[in-house]
Peer 1: 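I have a structure I would like to understand better, so I am pasting it below and will then ask my questions one at a time.
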Amino acid sequence: MLTTLIGLISAFGGGVFGASIGALPAFIMTGVVAVIGGILSCAGIPGINELLVNNIAFGSFLGPHICFAGGVAAAAYAKRIGKIENGADIALALNGIGDSSVLAVGGIFGMAGYIIAALVSAIFSLTPFYTDNPGCTVLISAIIVRLIFGERGLLSAPENRQMTSSGTALSNTLLIGFSYSLVVSGVYVVLALQGYAGQLGSYHIVIFGLAAIGLIFAEFNQAYYGWHHIGIISAEAVMCAYSCGLGAGSIFIGILFGLLATLIGDMEGHMMNTNVASHIDPPATAITICTFLISILYVILR
């Protein structure tokens, strides 16, 4: 009980931290710790997953449901009170506007993220299924933020609203989704067939972290394709399929789910995250839905 209380209080600080440096930079830092923790966990160091991954990368300090979500909420609030022009700018370090109320909103939503994640975990513990708690919480938190601080409801502006990308943009997106899923799933299958499956329990965390670190290129205005939803979902899917005895055929499951995550992210981006006053994260949406679907697959195959 005391640990939970301290974790909740600490989440206020995590939310302020995310708001002050910006949601996207905070998420990049999450990726750094996730990669280190995931690699050390695969190397067999006892307790490192609980220490670095669960309690730091996905805990009250850098957990996306706390740190990133706090930054998202603070940016939307800053736009609402006229401090910034774009409430969906998750790359902006809000410390620069010099308004403590903006940072405090980040802290409040950091605490809210801690509570929402606990509720999501409790609900799914009553079922044989699961979802990605941080991703689901980021989604729920962002929806609440949109409803409180947004300007036109949940959906994108009507003139910008469409189901998916079209033309060459869609073909480019699908090729990226296929290719990234192929390499993530293929590498896992190759390693597993060589007898390393037992050491790859944190493979999905490593892939997720690498993709998150890559977002640093977006901070430098490069056309970086955010693919952490593709990476973690294809990794989780191939790991699930292989653990259920599908062997080399697991690669096709990984590719299938990676493409599904790609399409969901693309659709959400167009339907809910174009020309808006707050950010509802397309990757978090894809991760939430696809992780739940993977859990259904696991129940069927096991």
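All heavy atoms count here, side chains included; hydrogens, waters and symmetry mates do not. As the structure is a computational prediction, the values presented were derived from the model and not from experiment. For reference, positions follow the sequence shown, starting with 1.
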Peer 1: To the closest 0.5 Å, what do you measure between CD1 (I48) and SG (C42)?
Peer 2: 12.0 Å
Peer 1: Please answer: with hydrophobic residues joined when any side-chain heavy atoms are less than 4.5 Å apart, are Y225 and V184 in the same cluster?
Peer 2: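 Cluster IDs for Y225 and V184 match.
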Peer 1: Would you find a donor on one side and an acceptor on the other, under 3.5 Å apart, between the side chain of T131 and the backbone of T288?
Peer 2: yes
Peer 1: For F129, is the CZ atom crowded, meaning more than 12 foreign heavy atoms sit under 6.0 Å from it?
Peer 2: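 Enclosed: over 12 neighbouring heavy atoms sit under 6.0 Å from CZ of F129.
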Peer 1: Taking the side chain as C-beta and beyond, is there a heavy-atom pair between L103 and S20 under 4.5 Å?
Peer 2: yes
Peer 1: Locate the shortest heavy-atom distance separating G258 from S181; write the atom from each residue and the value.
Peer 2: CA-OG, 3.0 Å
Peer 1: I'd like to know whether S41 forms a side chain to side chain donor-acceptor pair (under 3.5 Å) with S202, so could you lay out the CA-CA distance, the side-chain angles of the two residues, the decisive distance to 0.1 Å, and finally the verdict.
Peer 2: CA-CA 7 Å; S41 179; S202 294; 3.0 Å; yes
Peer 1: Run the side-chain contact (heavy atoms from CB on, under 4.5 Å) test on M29 and I21 for me, step by step, so that the C-alpha distance in whole Å, both residues' side-chain angles and the decisive distance to 0.1 Å come before the verdict.
Peer 2: CA-CA 11 Å; M29 294 181 69; I21 70 171; 3.7 Å; yes
Peer 1: If you define the side chain from C-beta out and look only at heavy atoms, does anything of I287 sit under 4.5 Å from V138?
Peer 2: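 Counting from C-beta outward, I287 and V138 never come under 4.5 Å.
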Peer 1: Assess, by modelled atom type and distance only, whether the side chains of H270 and S165 contain a donor and an acceptor separated by less than 3.5 Å.
Peer 2: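 A donor-acceptor contact under 3.5 Å links the two side chains.
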Peer 1: If you draw a 6.0 Å radius around CD1 in I216, do more than 12 non-hydrogen atoms from other residues or ligands fall strictly inside?
Peer 2: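 At most 12 heavy atoms, drawn from other residues, nucleotides or ligands, come within 6.0 Å of this atom.
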Peer 1: Hey, does the side chain of T285 reach the backbone of D281 with a donor-acceptor pair shorter than 3.5 angstrom?
Peer 2: yes
Peer 1: Taking a hydrophobic cluster as the set of Ile, Leu, Val, Met, Phe, Trp and Tyr residues connected by side-chain heavy atoms closer than 4.5 Å, whether directly or through intermediates, do F208 and L52 fall within one such cluster?
Peer 2: no
Peer 1: Examine distances only and state if a side-chain atom of E219 and a backbone atom of L215 form a donor-acceptor pair shorter than 3.5 Å.
Peer 2: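 Not a single qualifying donor-acceptor pair exists.
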Peer 1: In the structure I gave you, are the side-chain heavy atoms of L301 and L246 within less than 4.5 Å of one another anywhere?
Peer 2: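 L301 reaches L246 side chain to side chain.
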Peer 1: Drop me the distance from T274's OG1 to E268's CD, to the nearest 0.5 angstrom.
Peer 2: 8.5 Å
Peer 1: Could you state the interatomic distance from CG (L175) to OH (Y180), rounded to the nearest 0.5 Å?
Peer 2: 9.0 Å
Peer 1: Is there a side-chain contact between Y242 and L193 (heavy atoms, below 4.5 Å)?
Peer 2: yes
Peer 1: Are any side-chain N or O atoms of N55 and backbone N or O atoms of E50, one a donor and one an acceptor, separated by less than 3.5 Å?
Peer 2: yes
Peer 1: Return yes if some donor-acceptor pair links the side-chain N/O of R80 with the main-chain N/O of I148 below 3.5 Å, else return no.
Peer 2: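 Looks like yes, one N/O pair under 3.5 Å.
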Peer 1: If the plane angle is over 60° it's perpendicular, under 30° parallel, otherwise tilted; pick one for F27 and H228.
Peer 2: tilted
Peer 1: Would you give the length of the straight line joining atom CG of D99 to atom OH of Y77, rounded to the nearest 0.5 angstrom?
Peer 2: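 So the CG of D99 and the OH of Y77 are separated by 6.0 Å.
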Peer 1: Apply side-chain contact (heavy atoms from CB on, under 4.5 Å) to N133 and F58, showing your working.
Peer 2: CA-CA 10 Å; N133 277 10; F58 296 103; over 6 Å; no
Peer 1: Got I280 and L154 here, is their nearest side-chain heavy-atom distance under 4.5 Å?
Peer 2: yes
Peer 1: Around atom CZ of F124, are there more than 12 heavy atoms of other residues, nucleotides or ligands at under 6.0 Å?
Peer 2: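 Yes, CZ of F124 has more than 12 neighbouring heavy atoms, counting only those of other groups under 6.0 Å.
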Peer 1: Where do V189 and I251 come nearest, in terms of heavy atoms and distance?
Peer 2: CG2-N, 3.9 Å
Peer 1: I need the minimum non-hydrogen distance between H65 and A117, along with the two atoms involved.
Peer 2: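 Where H65 meets A117 most closely, the heavy atoms are CD2-CB, 3.6 Å.
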Peer 1: Count the heavy atoms of every other residue, nucleotide or ligand shown that sit under 6.0 Å from OH of Y224, and state whether that count exceeds 12.
Peer 2: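 Count over threshold, so yes.
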Peer 1: Answer yes or no: is there a donor N or O on one side and an acceptor on the other, between the side chain of Y114 and the main chain of T4, under 3.5 Å?
Peer 2: yes
Peer 1: Under 3.5 Å, is there a donor-acceptor pair between the side chain of S141 and the main chain of T137?
Peer 2: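 Such a contact is absent between S141 side chain and T137 backbone.
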Peer 1: Is the backbone of V276 close enough, under 3.5 Å, to the side chain of R146 for a donor and an acceptor to pair up by distance?
Peer 2: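 Not confirmed, R146 side chain does not pair with V276 backbone.
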Peer 1: Verify the cluster assignment for F61 and L24: are they in a single hydrophobic cluster under the rule of side-chain heavy atoms below 4.5 Å apart?
Peer 2: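 Per the 4.5 Å side-chain linkage, F61 and L24 are not co-clustered.
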Peer 1: Roughly how far apart are S185 OG and M239 CE, rounded to 0.5 Å?
Peer 2: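 So the gap between those two atoms works out to 11.0 Å.
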Peer 1: How close do A34 and G209 get, counting heavy atoms only, and between which atoms?
Peer 2: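 Looking at all heavy atoms of both residues, the shortest contact is CB-CA, 4.1 Å.
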Peer 1: Between I207 and I232, is the side-chain contact (heavy atoms from CB on, under 4.5 Å) condition met? List the steps.
Peer 2: CA-CA 6 Å; I207 297 299; I232 193 171; 5.9 Å; no
Peer 1: Is the shortest heavy-atom distance from the side chain of K79 to the side chain of N86 under 4.5 Å?
Peer 2: no
Peer 1: Could you tell me which non-hydrogen atom of A76 sits nearest to which non-hydrogen atom of V145, and how far apart they are?
Peer 2: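 Closest approach of A76 to V145, heavy atoms only: CB-CG1, 3.4 Å.
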Peer 1: Might you point out which heavy atoms bring P282 and G269 nearest each other, and give the distance in Å?
Peer 2: CG-CA, 3.8 Å
Peer 1: Checking T30 side chain against L62 main chain: does a donor-acceptor pair fall under 3.5 Å?
Peer 2: yes
Peer 1: Just jot down the ring-ring contact (aromatic ring centres under 6.0 Å, His included) partners of Y130, sequence neighbours excluded, or say none.
Peer 2: none
Peer 1: Angle class for the Y203/Y188 ring planes (parallel below 30°, perpendicular above 60°, tilted otherwise)?
Peer 2: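 If you compare the ring of Y203 with that of Y188, the planes turn out tilted.
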Peer 1: Using modelled atom types and a 3.5 Å cut-off, is there a donor and acceptor pairing between side-chain atoms of S295 and backbone atoms of F292?
Peer 2: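 At least one qualifying donor-acceptor pair exists.
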Peer 1: Got a sec, which residues hit side chain to side chain contact (heavy atoms under 4.5 Å, CB included) with I213, two or more places apart in sequence or on another chain?
Peer 2: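 With sequence neighbours excluded, I213 shows a side chain to side chain contact (heavy atoms under 4.5 Å, CB included) to V32, V35, given in chain and number order.
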Peer 1: Determine whether I108 and M111 make a side-chain contact, defined as any pair of heavy atoms from C-beta on separated by less than 4.5 Å.
Peer 2: no
Peer 1: Would you kindly confirm whether L8 and L119 end up in one hydrophobic cluster when ILVMFWY residues are joined by side chain heavy atoms under 4.5 Å apart?
Peer 2: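 As far as the 4.5 Å side-chain criterion goes, L119 and L8 are connected within one cluster.
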Peer 1: Show your working on side-chain contact (heavy atoms from CB on, under 4.5 Å) between I253 and L297 and close with a plain yes or no.
Peer 2: CA-CA 10 Å; I253 302 298; L297 177 68; 3.8 Å; yes
Peer 1: Should L5 and F12 be counted in the same cluster of Ile, Leu, Val, Met, Phe, Trp and Tyr side chains packed under 4.5 Å apart?
Peer 2: no
Peer 1: To the nearest 0.5 Å, tell me how far L92 CG sits from E85 CD.
Peer 2: 11.0 Å
